[in-house]
There are 2 protein chains.
Amino acid sequence: MPESLRRFKADIFQALAHPTRIAIIELLEEGELSAGELIEKLGMEQANISQHLAVLRAKQLVVNRKAGNQVFYSVRDPIINKVLALMRRYFQKHLKETLELLDEMDGSTVPSGR
Amino acid sequence: MPESLRRFKADIFQALAHPTRIAIIELLEEGELSAGELIEKLGMEQANISQHLAVLRAKQLVVNRKAGNQVFYSVRDPIINKVLALMRRYFQKHLKETLELLDEMDGSTVPSGR
DNA sequence: TATGAATATTCGAGCCTTCGCATATATTAT
DNA sequence: ATAATATATGCGAAGGCTCGAATATTCATA
């Protein structure tokens, strides 16, 4: 497999390699949402979300549809949803180690039992 | 879903977001290989491959087994292979647009046309 | 213990990404 | 044309990632 194709895949993973963008895709799994709705649900800066949407658009992970003065986004291909679903399965399968990893990587997340 | 879990997923995607690391995982799909064999097959700097292996290890995408003075690597969970297989399907499905994307993103990949 | 082979780690420079802020564009209504 | 709302884009600082070179570590063998 040529390097350029690997870079193409790598770029898609790169687009998914941000918590906010994962949140966006996961919100869109249930159906299309306007930029404004995404901003509201995520509770982040408008410009910030818009930039992340631009990244997802550039890699064509999402498509947008204009309606009036709003722009609605949706996931371009359900394969992407399947990828995220697989990741959820992976996460559940390795839950214990995941929690330990999260603990190591970020002390603020896993204090005591709970 | 809490932010920490999204970051966990994002970190895994981040680990996959590099052409060399994708090449490593794809080589390992067919069975375990030693670090030296990977270096040879990939034709890159030893230190470079070792660093990428360290990233994959840190995110637990690969596991390693020591035998003598060699270290053999293999993919930890076939789910990861499935993810890459899905990406191959995604690529094939959108081949045309992919080529256009590659063209836009990196002029060196597409010879003729424009 | 010393030596060589295999692998890992550290360090610094350059590059890319992310965020916040400001500004620009587009659409609708008045 | 102007105001109001929705969305996008440009810019700069801070932080993170990648590479190559040098160094360190581990193991087998003598």
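First the proteins, then the strands, lettered A, B, ... as listed; each starts at 1.
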Below 3.5 Å between N/O atoms, which protein atoms pair up with nucleotides 25-29 of chain C? Just atom names and distances, please.
none

For DNA chain D, note the earliest and the latest nucleotide, 5' to 3', having some atom under 4.0 Å of a heavy atom belonging to chain B.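 First and last nucleotides in contact are D:dT18 to D:dA28.
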Looking only at non-hydrogen atoms, find the nearest pair between [X] and [Y] and report the distance.
X: A:A15; Y: A:L61; answer: CB-CD1, 3.7 Å
X: A:M44; Y: A:N48; answer: CE-ND2, 4.1 Å
X: B:L16; Y: B:I22; answer: O-CG1, 3.2 Å
X: B:L53; Y: B:L38; answer: CD2-CD1, 4.0 Å
X: A:A35; Y: A:Y73; answer: CB-CE1, 4.2 Å

Answer yes or no: is there a side-chain heavy-atom contact under 4.5 Å between B:E32 and B:R65?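 They are in contact (side-chain heavy atoms under 4.5 Å apart), so the answer is yes.
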Is there a donor-acceptor contact under 3.5 Å from the side chain of A:R21 to the main chain of B:A10?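 No, A:R21 side chain to B:A10 backbone: no donor-acceptor pair under 3.5 Å.
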Which part of the nucleic acid, if any, lies within reach of A:Y73 when heavy atoms closer than 4.0 Å are counted: base, sugar-phosphate only, or nothing?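 Since only primed, P, OP1 and OP2 atoms lie under 4.0 Å of A:Y73, the category is sugar-phosphate.
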Could you list all the ring pair (Phe, Tyr, Trp, His ring centres under 6.0 Å) pairs where at least one residue sits in residues 47-67 of chain A, not counting sequence neighbours?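 Output for this query lists A:H18-A:H52.
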Test: side-chain hydrogen bond (donor to acceptor under 3.5 Å, both in side chains). Region: residues 33-43 of chain B. Which pairs qualify, not counting sequence neighbours?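 For residues 33-43 of chain B, and leaving out neighbouring residues, the side-chain hydrogen bond (donor to acceptor under 3.5 Å, both in side chains) pairs sorted by first residue read B:S34-B:E37.
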Residue pairs passing the salt bridge (charged side-chain N to carboxylate O under 4.0 Å, His left out) test where at least one lies in residues 70-81 of chain B, sequence neighbours excluded: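 Of all non-adjacent pairs touching residues 70-81 of chain B, those that pass salt bridge (charged side-chain N to carboxylate O under 4.0 Å, His left out) are A:K93-B:D77, A:E97-B:R76.
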Per-nucleotide protein contact string for nucleotides 12-23 of chain C, where B marks a base within reach and S marks sugar-phosphate only (heavy atoms under 4.0 Å, - for neither): ------SBBBB-
